[in-house]
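Since the structure comes first, as structure tokens, the remarks are kept for the end.
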Amino acid sequence: RMTTISILGLGAMGRALAAALVNAGHDVTVWNRTPGKDGGLGARTAASAQEAIEASDIAVVCLLDDASVRETLAPIAPNLSGRLIVNLTNGSARQARELAKWITGYGVRYLAGGIMAVPFTVATEGAFILYSGPRELFDEVAPALAPMARPQWAGEDHGFAALYDMAALSGMYGITAGAHHAIRLVHAEGGDVEAFRQDVLRPWMDQMLSIQIDGATPSGAIPAEFNAQMQAVALQTMIDNSAESGVAETMTGHLSAVLWMMRRSIENAERNR
Ligand code: NDP
């Protein structure tokens with residue numbers, strides 16, 4: 001018998017997850033607070049959150065935020081002893097730990113997760129989902145949940161999936177800030193935005209991505225070979241250039257953050273000399 005799976009929450013992500021499991025041949029039951037979101041999925045519909053959790057071997061929760069999960073599970077938690085719940089709702093590491101402590105207190109077998117995908121990349125090659133909590137629970141659910149995205153264990157600490165998710169998103173948003181600023185700057189000065197995007201920005205980012213990731217430090221200290229002194233001068237020029245081009249100061253925050261790290265690295269290097 002194939003593992004039965006319930007999905008609680010049919011937002012953009014919950015629907016994508018449910019569709020991936022249905023496509024893989026699983027018997028899927030769905031529930032959503034607002035009815036009528038289950039159209040075209042080919043899944044069974046449960047009338048309540050409790051019914052959905054009781055209907056399957058594994059219940060996957062994918063709601064808006066920590067508060068919505070609490071609101072959904074609080075009234076039924078005492079009835080859920082022995083159930084296996086995998087919560088993929090975004091939250092902070094602290095929220096993930098507190099939720100785990102609370103729900104396992106009712107005898108729920110619990111994994112917390114972080115989805116490293118967007119709805120349209122679910123069930124595609126690069127997508128993965130982080131899971132944290134007891135290793136044996138991960139081993140139990142991973143084969144069944146694999147059709148959603150490659151399962152990756154993040155450790156016993158229930159907060160780690162959220163922690164790694166948040167930290168990875170920080171990396172991504174650094175790129176978001178840089179890319180938007182770059183395009184805006186080229187546009188403001190009358191440059192060829194599309195040529196710049198394809199022939200300059202993309203190959204430059206490809207060349208630098210691994211170097212930046214490998215060079216990142218917990219303290220923000222810049223490794224010596226990156227020459228913080230030279231980069232601090234260049235960063236100030238970039239911030240000034242942005243102002244000269246009339247690009248709002250609010251779009252150079254990422255440059256200011258890196259400039260601050262460069263200056264601190266210079267100070268530390270001088271202090272240690
Ligand atoms: P949506 O806004 O599309 O859907 C939100 C879902 O949460 C709906 O099913 C909604 O139900 C439900 N919900 C909200 N509040 C409550 C509540 N108080 N009680 C019960 N249900 C509630 O969001 P997504 O599906 O895109 O995202 C879901 C989760 O996945 C989020 O935590 C998000 O951070 C995470 N995620 C999303 C990604 C994305 O790109 N979309 C990427 C990675 C993670 P209703 O229909 O009744 O309003």
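The structure displayed is predicted, hence computed values, not measured ones. Read the numbers this way: they start at 1 and go in the same order the structure lists the ligands and their atoms. Basis for what follows: all heavy atoms, side chains included, without hydrogens, waters or symmetry-related copies.
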Atoms in ligand 1 flagged as close to [X], the criterion being non-hydrogen separation under 4.0 Å:
{"X": "L10", "answer": "9 (O)"}
{"X": "T89", "answer": "32 (O)"}
{"X": "E71", "answer": "18 (N)"}
{"X": "S68", "answer": "15 (N), 16 (C), 17 (C), 18 (N), 19 (N), 22 (C)"}

How close does the nearest protein non-hydrogen atom get to [atom], and which residue and atom is it?
{"atom": "atom 14 (C) of ligand 1", "answer": "L64 CB, 3.5 Å"}
{"atom": "atom 33 (C) of ligand 1", "answer": "N90 CB, 4.0 Å"}
{"atom": "atom 9 (O) of ligand 1", "answer": "N32 OD1, 2.7 Å"}
{"atom": "atom 30 (O) of ligand 1", "answer": "C62 SG, 3.5 Å"}
{"atom": "atom 45 (P) of ligand 1", "answer": "T34 OG1, 3.5 Å"}
{"atom": "atom 37 (C) of ligand 1", "answer": "M13 CE, 4.0 Å"}
{"atom": "atom 19 (N) of ligand 1", "answer": "T72 OG1, 3.5 Å"}
{"atom": "atom 40 (O) of ligand 1", "answer": "P119 CD, 3.2 Å"}

Q. Under the 4.0 Å line, does any protein heavy atom show up next to atom 23 (O) of ligand 1?
A.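 No, no protein heavy atom sits under 4.0 Å from atom 23 (O) of ligand 1.
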**Q.** Close side-chain approach of I58 and S6, heavy atoms under 4.5 Å
**A.**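 Of all side-chain heavy-atom pairs linking S6 with I58, none is under 4.5 Å.
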Q | Heavy-atom side-chain proximity of R70 to E98 below 4.5 angstrom | A |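 Touching, per the 4.5 Å side-chain cut-off.
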Does one side chain, of [X] or [Y], offer a donor that lies under 3.5 Å from an acceptor on the other?
{"X": "N268", "Y": "S265", "value": "no"}
{"X": "D57", "Y": "T3", "value": "no"}
{"X": "T252", "Y": "H181", "value": "no"}
{"X": "D240", "Y": "Q236", "value": "yes"}
{"X": "T89", "Y": "N87", "value": "yes"}

Is the contact between [X] and ligand 1 made by the side chain, the backbone, both, or neither, using heavy atoms and a 4.0 Å cut-off?
{"X": "K37", "result": "side chain"}
{"X": "A117", "result": "backbone"}
{"X": "R33", "result": "both"}

Q) Just going by heavy-atom distances, which of V61, I115, V122 is nearest to atom 44 (C) of ligand 1? A)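 Comparing heavy atoms across V61, I115, V122, the nearest one to atom 44 (C) of ligand 1 lies in I115.
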Q) Would you find a donor on one side and an acceptor on the other, under 3.5 Å apart, between the side chain of D165 and the backbone of A161? A)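 Pair absent, no side-chain N/O of D165 close to backbone of A161.
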Any nitrogen or oxygen of [X], side chain or backbone, less than 3.5 Å from one on ligand 1?
{"X": "L63", "result": "yes"}
{"X": "V118", "result": "no"}
{"X": "G11", "result": "yes"}

Q: Answer yes or no: are there more than 12 heavy-atom neighbours, outside R150 itself, under 6.0 Å from its atom CZ?
A: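 Yes, because the 6.0 Å sphere around CZ of R150 holds more than 12 heavy atoms from other groups.
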Q. Considering residues, nucleotides and ligands other than Q229, do more than 12 of their heavy atoms fall under 6.0 Å from its CD?
A.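 Atom CD in Q229 is not packed in, count stays at 12 or less.
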Q | Taking every non-hydrogen atom, the tightest pair across Y110 and H158 | A |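 In terms of heavy atoms, the two residues are closest at O-NE2, 2.8 Å.
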Q) Are the charged groups of D27 and R1 less than 4.0 angstrom apart, N to O? A)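 No.
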